[in-house]
Number of protein chains: 2
Amino acid sequence: MTEEPGRRERKKAATRRHIADTAREMFLERGFDAVGIREIAAAADVAVTTLFSHFPSKEALAFDEGQKREDRLVQAVTGRGAEQTIPDALREHFRAVVEDFARPAAVTFWRLVDDSPALREYASTMWQRHEDALTTVIAADLGLPKSSTTCRAFSHYVLGVYPLAREAPDPMAAVDEIFDLITPGWIEIDVSGFHGAARTGPEPYHGAESS
Amino acid sequence: MTEEPGRRERKKAATRRHIADTAREMFLERGFDAVGIREIAAAADVAVTTLFSHFPSKEALAFDEGQKREDRLVQAVTGRGAEQTIPDALREHFRAVVEDFARPAAVTFWRLVDDSPALREYASTMWQRHEDALTTVIAADLGLPKSSTTCRAFSHYVLGVYPLAREAPDPMAAVDEIFDLITPGWIEIDVSGFHGAARTGPEPYHGAESS
DNA sequence: TGTGAAAAGCTAACCGTTAGCGTTATGGTT
DNA sequence: AACCATAACGCTAACGGTTAGCTTTTCACA
């Protein structure tokens, strides 16, 4: 599956990387809104249609690692230690994310985002998608239906750390504050399983899906 | 202030209503994405520029009562009874919202929204704006800074009921479930004031705003 | 070497939105 | 009663992101 990619796929990946790099440079230099798609395509020496065959939108050019971010989030839940609860795993994950946000490259990137309404909105819809992914993986882990209100509420609450951690004066403290509010008392009200450790063999939910 | 509007403002309001009505009809008949702005303007017999002088975007044509919704939400906090806590006031508010969602007109409207990615995204950014408004009003009510992590986390959590209440099989139960999770134990960890009643004279926060 | 498919390209548009500028109607002021 | 500032509306033309339709190039594999 992940064998030698072959020349074709290597070239494709190279084109993709070249477009993204060119765009990022231009964005950082002149701002997201001040750079047009046609300009980027010209600068990268590709056709506009080629650009859109690699990226679904202009915003996706700037936010390239979005999928990786989501994968890491899901991984934090599925790949947690056998003795670790879901909230603890997520706290650990977000502490790492916050450290990542502090990197100089990340700082300049997020400044770029803050300067563009289009990018800000794209970011918040990205958190939304992450929320869906987190709900799915937690529900699967606990053997609950994806539509479980508690699962959704929990994921929604947790994903709130993204914007908070970016805007708080002390992001790491904000993360801890958020997770400290998830007391056993809160969670145990409805889903005692949340504080259980990782399952060895998850029992998938087989409830009703549609009428 | 709210005196006789005068012929000018009456005509303006009439134009606005006429545009919105025309658009809503067309949307319901053919779907949001299948109707173009130029078509709507032609059907309402106004210029495209006139349309955009009344509504900031195509989506705003469908989502007309967005601002009213936000006002009611804020009102639920500021206008709550002297003996009512913020969570209780919000629970009551959202129970009413859920009943509103059940109206036949609302049902068809939200079906329209669900069928259009553009409208769905617009809705979620609307919840976002509501979140900001709720944070502001709660922070003011409690005399905390707007940037208070707990305030923001709380507002974020609460606003999660909008999508949940729309998608849950039993919306009313979902609302109660969400608010039942807000235990005194949870809130008291950080903001004991959340469970206090309405203030008679709020003491505004005077802390540091920048650097 | 030939063949089929993926990748890249070109042209020309569509669609939401806005800028620039002119026209008319209205409300308040002299 | 004449007048003017301005709000409301209209027209034209464009901008910028995105896509459809179709051709050309590049590669994998026989």
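In the text below, chain A, chain B and the rest are named by the order of the sequence lines, each starting its count at 1.
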**OP:** Assess whether one donor atom and one acceptor atom, taken from the side chain of A:R38 and the base of D:dT18, lie less than 3.5 Å apart.
**Re:** yes
Subject >> Rounded distance in Å - CG (B:L51) to P (D:dC9) >> reply: 11 Å
**OP:** Answer with base, sugar-phosphate or nothing: what part of the nucleic acid does B:D33 contact at a heavy-atom distance below 4.0 Å?
**Re:** nothing
Subject >> Residue A:K12, side-chain atoms from C-beta onward, closest of C:dT26, D:dG21, C:dA7 >> reply: C:dA7
Original post:
D:dC9 base to B:T15 side chain: any donor-acceptor pair below 3.5 Å?
Top reply: no
**OP:** Ignoring backbone atoms, test whether A:T49 places a side-chain nitrogen or oxygen under 4.0 Å from the OP1 or OP2 oxygen of C:dA8.
**Re:** no
Original post:
Is the backbone of A:I178 close enough, under 3.5 Å, to the side chain of A:Y157 for a donor and an acceptor to pair up by distance?
Top reply: yes
Original post:
Is the closest side-chain donor-acceptor distance between A:Q84 and A:E92 under 3.5 Å?
Top reply: yes
Subject >> Aromatic ring proximity, centroids under 6.0 angstrom, B:Y162 and B:W110 >> reply: no
Original post:
Can you check the A:F32 CZ to D:dG17 C1' distance for me, whole Å?
Top reply: 10 Å
Original post:
Over how many whole Å does the gap from A:E9 atom CD to C:dA8 atom P extend?
Top reply: 11 Å
**OP:** Counting heavy atoms from C-beta on, name the nucleotide in D:dC27, C:dT18, D:dC11 closest to the side chain of B:F52.
**Re:** C:dT18
Original post:
So does B:S53 reach the base of D:dC9 with its side chain, donor to acceptor, closer than 3.5 Å?
Top reply: no
Original post:
Reckon A:V46 touches a base, only the sugar-phosphate, or nothing at all at heavy-atom distances under 4.0 Å?
Top reply: sugar-phosphate
**OP:** Would you tell me if any nitrogen or oxygen in the side chain of B:K58 comes within less than 4.0 Å of OP1 or OP2 on C:dC15?
**Re:** no
Original post:
Taking the six-membered ring of B:F32, is NZ or CZ of B:K58 closer than 6.0 Å to its centre and within 45° of its axis?
Top reply: yes
